[in-house]
There are 2 protein chains.
Amino acid sequence: MSTSFQPHRAGDLHFLKRLNRSAILEQIRRTPGLTRADIATQAQLTKATVGGGVQSLLKQGWLREGELQKSNGGRPGRSLYLNDQHYAMLGAEVGVHGLRLVACTLSGELLASHHEHLVPTTPEVTAELLAELLQTLMASPVFAGRHCLGLGIALPGPIDPTTPVLRRAPNLGWRDIRFLELLSPHLPQMTGVWIMDNEAKSAAFGELYFRTGQIPDSLVYVSAGTGIGSGMVEGSHPPLISRGLQGLAGEIGHTVLQPGGLYCHCGNRGCAETLVSGWSIRAALGIAEEENLIEAILPRLHEEQVQLTLRRAGEALGTLLLNLHHTQNPSEIVLGGSLVQLGAPLLDPALAFFNAHQNRLLGTRHQVPLRVIEDSTFIAARGAAAQVLASVIHGPSDLI
Amino acid sequence: MSTSFQPHRAGDLHFLKRLNRSAILEQIRRTPGLTRADIATQAQLTKATVGGGVQSLLKQGWLREGELQKSNGGRPGRSLYLNDQHYAMLGAEVGVHGLRLVACTLSGELLASHHEHLVPTTPEVTAELLAELLQTLMASPVFAGRHCLGLGIALPGPIDPTTPVLRRAPNLGWRDIRFLELLSPHLPQMTGVWIMDNEAKSAAFGELYFRTGQIPDSLVYVSAGTGIGSGMVEGSHPPLISRGLQGLAGEIGHTVLQPGGLYCHCGNRGCAETLVSGWSIRAALGIAEEENLIEAILPRLHEEQVQLTLRRAGEALGTLLLNLHHTQNPSEIVLGGSLVQLGAPLLDPALAFFNAHQNRLLGTRHQVPLRVIEDSTFIAARGAAAQVLASVIHGPSDLI
DNA sequence: TCATCTTGGTACTGACAATGAACGAACCCT
DNA sequence: AGGGTTCGTTCATTGTCAGTACCAAGATGA
């Protein structure tokens with residue numbers, strides 16, 4: 001049974017203090033350069049409370065003071081920014097094509113990154129290698145002197161959110177892996193939060209969380225690679241990742257688009273992945289596992305069969321986006337993953353279909369913003385790092 | 001643009017007090033019969049704090065004391081329950097087949113209900129009639145002496161959550177209706193919260209919120225009637241309704257199940273509603289608008305054409321449920337709406353398909369609970385009343 | 001029967017966070 | 001130079017929760 005027995009939140013004065021500190025931090029994170037007075041107005045706190053909170057956050061290295069703002073008749077306010085010098089988070093993604101590691105600042109800027117090209121073997125060996133690479137990353141000079149808030153790992157498959165355990169990663173051949181438990185023995189000195197999540201969900205989280213200024217209410221990240229997955233984040237405080245009971249939320253590659261269609265590796269028929277995914281495109285064009293899919297296709301784009309295959313896949317992708325629109329209706333859709341590199345022959349039919357049909361129901365002209373990320377190499381790893389930060393800011397940590 | 005500028009929550013001492021009061025109330029709401037000591041343990045508050053909070057909630061009429069519990073070695077605790085005598089909420093649904101009104105208690109029990117069979121005409125006339133019926137309901141003896149917390153209205157179509165405005169109700173022929181603004185002039189004495197939401201979303205909320213004991217983390221309500229819609233609720237505190245940017249979340253009737261299929265009234269092709277919905281079944285069997293669909297079909301269940309039509313519709317419904325499972329993965333699915341009354345010929349194929357395919361991806365034997373509601377007449381109206389209660393408990397009201 | 005044990009609930013004091021008003025700081029304008 | 005305005009801090013006050021002590025009410029056992 002799925003019974004979160006989490007009693008309704010209650011708290012003491014300490015809790016209230018932390019709540020207000022993290023509210024202040026959130027405000028500055030979202031709109032860098034605010035003054036104490038701005039925060040007091042927006043958060044409905046008194047100047048005194050904000051002043052105290054800002055002082056403690058400055059002392060603990062979360063914030064830094066910036067320039068004086070323009071005066072508008074009186075004493076000018078002092079701009080406040082996140083202090084990117086004192087803390088850092090680590091994020092990593094285990095993917096079919098290798099390990100991707102990042103270290104990043106509170107603002108989401110990459111301090112260092114590393115892409116190790118390899119095909120992961122067993123979980124144990126992969127964990128050991130990843131640990132080694134993480135050690136190297138932490139030893140790099142840009143990281144020096146920073147306090148590490150924790151480590152987030154993004155994995156390509158549904159993760160049962162309670163344990164957490166990676167239930168299934170078809171492209172790695174892994175099942176029921178508690179990856180963090182394999183990793184932690186190799187990283188004894190790692191302090192802070194440990195996070196493990198699905199790559200599309202981590203990516204979605206990062207894309208929303210590291211945004212400043214105009215922040216969408218919700219965001220879906222669609223990861224189009226060997227398989228197709230998605231992650232949805234809703235912009236409450238903190239943004240909430242929809243994971244579902246068994247971590248199956250966002251498994252849009254296995255929604256049925258063509259009842260009675262081709263068999264999918266999951267055993268069902270007509271799944272979206274049979275129409276659009278790295279493996280189905282491989283199968284349609286007879287490209288061997290050993291070859292890099294993108295590199296194999298790019299020189300063949302002029303071939304009619306390739307164009308037809310990609311156009312059909314693109315239309316299926318467009319249908320998938322439309323179905324997302326009518327199921328979750330996110331404020332913004334972000335499209336990433338290796339298939340994006342195939343460019344217009346795949347994406348044009350997808351976007352054309354989506355844009356042509358998304359407004360039929362309401363008859364409006366408003367288009368849901370859809371952003372395509374050309375290079376999504378470190379997006380999921382960075383998102384996992386974002387989850388670490390959010391967990392520290394909003395969780396039970398004592399660092400704030 | 002979709003920018004919720006809602007600053008991150010911060011608060012003062014008053015806010016903290018309210019938070020703890022509402023936490024106590026929530027606990028008792030979820031598991032009636034708790035003692036002060038139980039609450040203190042579960043909510044991590046001291047006995048003193050809980051004692052004070054309970055006292056004020058008793059005085060304000062939210063709680064009542066019940067029987068003494070069995071002693072287990074010491075002084076027996078006093079059970080606490082919601083006080084169903086002092087407050088009440090109103091809920092109403094405007095549907096194609098009529099107006100449904102309820103008055104209900106804090107526990108979700110119906111004090112009174114009324115079903116006015118009619119086909120709604122213009123929004124203005126409907127609002128006036130509804131107001132009149134609500135007045136009658138409030139005048140009924142069971143309602144007497146209760147303080148009304150507010151009124152919730154459920155409507156059959158996507159609602160833009162910001163305004164809120166009913167964007168489109170194809171089955172009523174309404175567009176861009178601010179129904180609450182039409183209603184409020186006719187109900188000058190109505191105090192409290194005003195809520196307006198989509199019927200499937202209200203229903204989902206009520207099904208989750210009025211549950212006691214084992215509460216699922218998330219729930220999807222699928223409303224199968226003239227059209228097909230759904231609502232998703234996630235069990236945070238308070239449960240969060242997924243509405244989406246334009247209120248299109250849950251418009252699963254317009255997800256494409258059959259690319260290039262039949263034209264739907266929305267202008268797209270192959271929407272789920274072209275395969276399973278009241279209107280598509282009508283069309284397939286040549287049943288006129290004037291006839292009641294269910295009454296027309298039930299005597300004809302033995303006909304082969306009817307059976308075939310319902311089986312195909314059932315399979316489409318099963319596919320829809322499967323796609324929901326792989327997109328949102330709710331902890332529980334509740335199926336309601338008038339089509340449920342068609343019974344096994346429609347539902348058996350749906351459930352068979354869903355159950356046969358839902359576990360393929362993970363290879364587990366765990367079945368997501370799917371509950372079928374035979375009589376969903378007042379489900380949405382009751383859910384709208386639940387939204388009123390939640391809004392009072394968790395919102396900025398001063399009643400707690 | 002009565003003292004003792006155990007648990008439930010309340011009263012009082014102290015700790016502590018936010019408030020509110022007053023004040024100093026820094027800039028603008030005339 | 002001086003008044004007006006806005007920013008940020010200081011300090012006494014207020015209000016809430018924690019902790020302890022205490023009372024209440026039943027169980028247990030001699």
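Convention: sequence-line order gives letters A, B, ...; per-chain numbering from 1.
- Of the side-chain N and O atoms in B/Thr49, none sit less than 4.0 angstrom from OP1 or OP2 of D/dC17.
- Taking 4.0 Å as the cut-off between side-chain N and carboxylate O, A/Arg382 and A/Glu109 do not count as a salt-bridged pair.
- Taking atom CZ of residue B/Arg18 and atom C1' of nucleotide C/dA18, one finds them 18 Å apart after rounding to whole Å.
- Rounded to a whole Å, the CG atom of B/Leu19 is 13 Å from the C1' atom of D/dC17.
- For the pair A/Leu16 CG and D/dT14 C1', the computed distance is 14 Å after rounding to whole Å.
- Between the B/Ser56 side chain and the B/Gly53 main chain, a donor and an acceptor come within less than 3.5 Å of each other.
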Worked verdict on A/Glu67 versus A/Ser79 for side chain to side chain donor-acceptor pair (under 3.5 Å): CA-CA 6 Å; A/Glu67 80 288 352; A/Ser79 302; 3.0 Å; yes
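- For the pair A/Thr46 and C/dT19, the criterion of a side-chain N or O lying under 4.0 Å from OP1 or OP2 is met.
- In this structure, CZ of B/Arg21 is placed 12 Å from C1' of D/dG15, rounded to the nearest angstrom.
- Between the CG atom in B/Leu90 and the CE atom in B/Met190 there is a gap of 5.0 Å [rounded to 0.5 Å].
- Between the CZ atom of B/Phe15 and the C1' atom of C/dT19 there is a distance of 17 Å, given to the nearest Å.
- In this entry the distance linking NZ of A/Lys70 with C1' of D/dT5 reads 18 Å, nearest Å.
- Atom CD in A/Gln44 sits about 14 Å away from atom C1' in C/dA18, given to the nearest Å.
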Base versus backbone protein contacts along nucleotides 4-15 of chain C [heavy-atom cut-off under 4.0 Å; B, S, -]: --BBBBBB----
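- For A/Arg18 (side chain) and A/Gly395 (main-chain N/O), a donor-acceptor pair under 3.5 Å exists by modelled atom type.
- Taking atom CD1 on A/Ile39 and atom C1' on D/dC7, their separation rounds to 13 Å, with Å as the unit.
- With A/Glu65 contributing its side chain and A/Leu58 its backbone, the two residues share no donor-acceptor pair below 3.5 Å.
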